[in-house]
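Worksheet: the structure to be examined is printed underneath.
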Amino acid sequence: MDLVLLCVFLPLVTVAWGQYGDYNYDYGGNDGWVNVYRQGFNFQCPHGQVIVAIRSTFSKKEGSDRLWNYACMATPQSLGEPTECWWEEINRAGMQWYQTCSNNGLVAGFQSQYFPSVLDREWQFYCCRYSRRCQYSCSMTTEQPGHYGEDMDMMMYTYDHYIRGATTTFSAVDRDRQWKFIICRMTDFDCQFQNL
């Protein structure tokens with residue numbers, strides 16, 4: 001009986017390992033932070049990769065600012081190579097906002113500048129478009145972090161889901177943001193229509 005179970009489950013484990021074996025969230029050295037407190041930063045995934053994990057820690061003593069880090073992963077071959085990449089519009093500090101990558105783009109980077117007068121950051125998404133693929137089955141994550149001032153550690157646990165944008169709220173009392181990331185699947189075929 002044990003041999004039969006082994007013969008049934010071993011191929012399943014092998015297939016799963018082959019699909020997800022390189023699904024690694026390596027945030028890099030220096031505890032992985034891409035910025036220092038109160039400084040701007042620009043982070044872009046290598047060509048052909050998108051953001052799959054976001055980590056952040058908050059410090060009230062450091063100007064109510066956050067340290068940030070991101071992990072990237074190569075997109076599957078079925079999406080092909082990115083056909084174009086661009087920076088979206090700037091989202092202003094101290095304001096609530098909602099933004100998705102235009103033209104069916106996926107988030108492949110972030111740029112941010114700190115403003116001491118507001119104790120907040122402005123944000124820009126770096127987006128990449130893959131062929132003429134379209135998003136579907138989109139949803140939002142729960143609030144990240146769960147409460148203002150808490151650490152954030154958001155990971156994409158599903159292989160074929162991608163970050164397309166976010167909505168954020170800013171607390172003037174706590175001087176911090178909560179994020180809800182917009183997560184979508186992408187079609188395995190080229191769309192027959194222009195989608196902005």
Checklist entry - Under the disulfide (SG to SG under 2.5 Å) criterion, do C127 and C85 qualify, and how do the steps go? => result CA-CA 5 Å; C127 301; C85 296; over 6 Å; no

Next on the checklist: Let's go through E88 and S102 carefully: what are the C-alpha distance in whole Å and the side-chain angles of both, what is the deciding distance for side chain to side chain donor-acceptor pair (under 3.5 Å) to 0.1 Å, and is it a yes or a no?
Outcome noted: CA-CA 8 Å; E88 284 290 348; S102 58; 2.7 Å; yes

Checklist entry - Is the ring centre of Y70 less than 6.0 Å from the ring centre of F43? => result yes

To the closest 0.5 Å, what do you measure between [atom1] ([X]) and [atom2] ([Y])?
X: C101; Y: Q135; atom1: SG; atom2: CD; answer: 10.0 Å
X: W179; Y: T142; atom1: CH2; atom2: OG1; answer: 14.5 Å
X: N91; Y: W123; atom1: CG; atom2: CH2; answer: 10.5 Å
X: F125; Y: L106; atom1: CZ; atom2: CG; answer: 12.5 Å
X: E143; Y: M152; atom1: CD; atom2: CE; answer: 11.0 Å
X: Q178; Y: Q96; atom1: CD; atom2: CD; answer: 11.0 Å

Next on the checklist: With a sphere of 6.0 Å drawn around CD of Q113, does it hold more than 12 non-hydrogen atoms of other residues, nucleotides or ligands?
Outcome noted: yes

Item to check | Over 12 non-hydrogen atoms of neighbours within 6.0 angstrom of CD in E84 | outcome: yes

Would a 4.5 Å heavy-atom cut-off, applied to side chains only, mark [X] and [Y] as touching?
X: E89; Y: Q99; result: yes
X: Y130; Y: T75; result: yes
X: T167; Y: M140; result: yes
X: F110; Y: I51; result: yes
X: Y148; Y: F58; result: no
X: M156; Y: I183; result: yes
X: I163; Y: V52; result: no
X: F170; Y: R177; result: yes

Next on the checklist: Parallel, tilted or perpendicular: which one describes the rings of Y126 and W87, with boundaries at 30° and 60°?
Outcome noted: tilted

State plainly whether one hydrophobic cluster holds both [X] and [Y], where clusters connect Ile, Leu, Val, Met, Phe, Trp and Tyr through side-chain heavy atoms under 4.5 angstrom apart.
X: W97; Y: F181; result: yes
X: I182; Y: M154; result: no
X: F41; Y: I54; result: yes

Does any N or O in the side chain of [X] come within less than 3.5 Å of the main-chain N or O of [Y], such that one atom is a donor and the other an acceptor?
X: N42; Y: Q111; value: no
X: S78; Y: D188; value: no
X: D120; Y: A93; value: no
X: T100; Y: G165; value: no

Checklist entry - Under 6.0 Å from the six-membered ring centre of W33 and within 45° of its axis: does the NZ or CZ of R66 meet both? => result no

Checklist entry - What do the steps show when you test D176 against K60 for salt bridge (Lys or Arg N to Asp or Glu O under 4.0 Å), and what is the final call? => result CA-CA 9 Å; D176 194 17; K60 194 157 199 78; over 6 Å; no

Next on the checklist: Evaluate D153 against R55 for salt bridge (Lys or Arg N to Asp or Glu O under 4.0 Å), listing each step before the verdict.
Outcome noted: CA-CA 4 Å; D153 201 358; R55 185 171 59 139; 5.4 Å; no

Next on the checklist: Restricting to side chain to side chain contact (heavy atoms under 4.5 Å, CB included), what partner residues turn up for T187, sequence neighbours left out?
Outcome noted: R133, C134, Y136, F189, C191

Checklist entry - Under 4.0 Å between a Lys/Arg side-chain N and an Asp/Glu carboxylate O for D65 and R175? => result no

Checklist entry - Cut-off 3.5 Å, side chains only: do R185 and S137 have a donor facing an acceptor? => result no

Checklist entry - Does the side chain of H47 pick up a donor-acceptor pair with the side chain of E81 at under 3.5 Å? => result yes

Checklist entry - Going through the checks in order, is the side chain to side chain contact (heavy atoms under 4.5 Å, CB included) test met by M186 and L79? => result CA-CA 8 Å; M186 297 296 279; L79 285 184; 3.9 Å; yes

Item to check | Name of the residue among E62, R121, Q39 meeting side-chain contact (heavy atoms from CB on, under 4.5 Å) with Y114 | outcome: R121

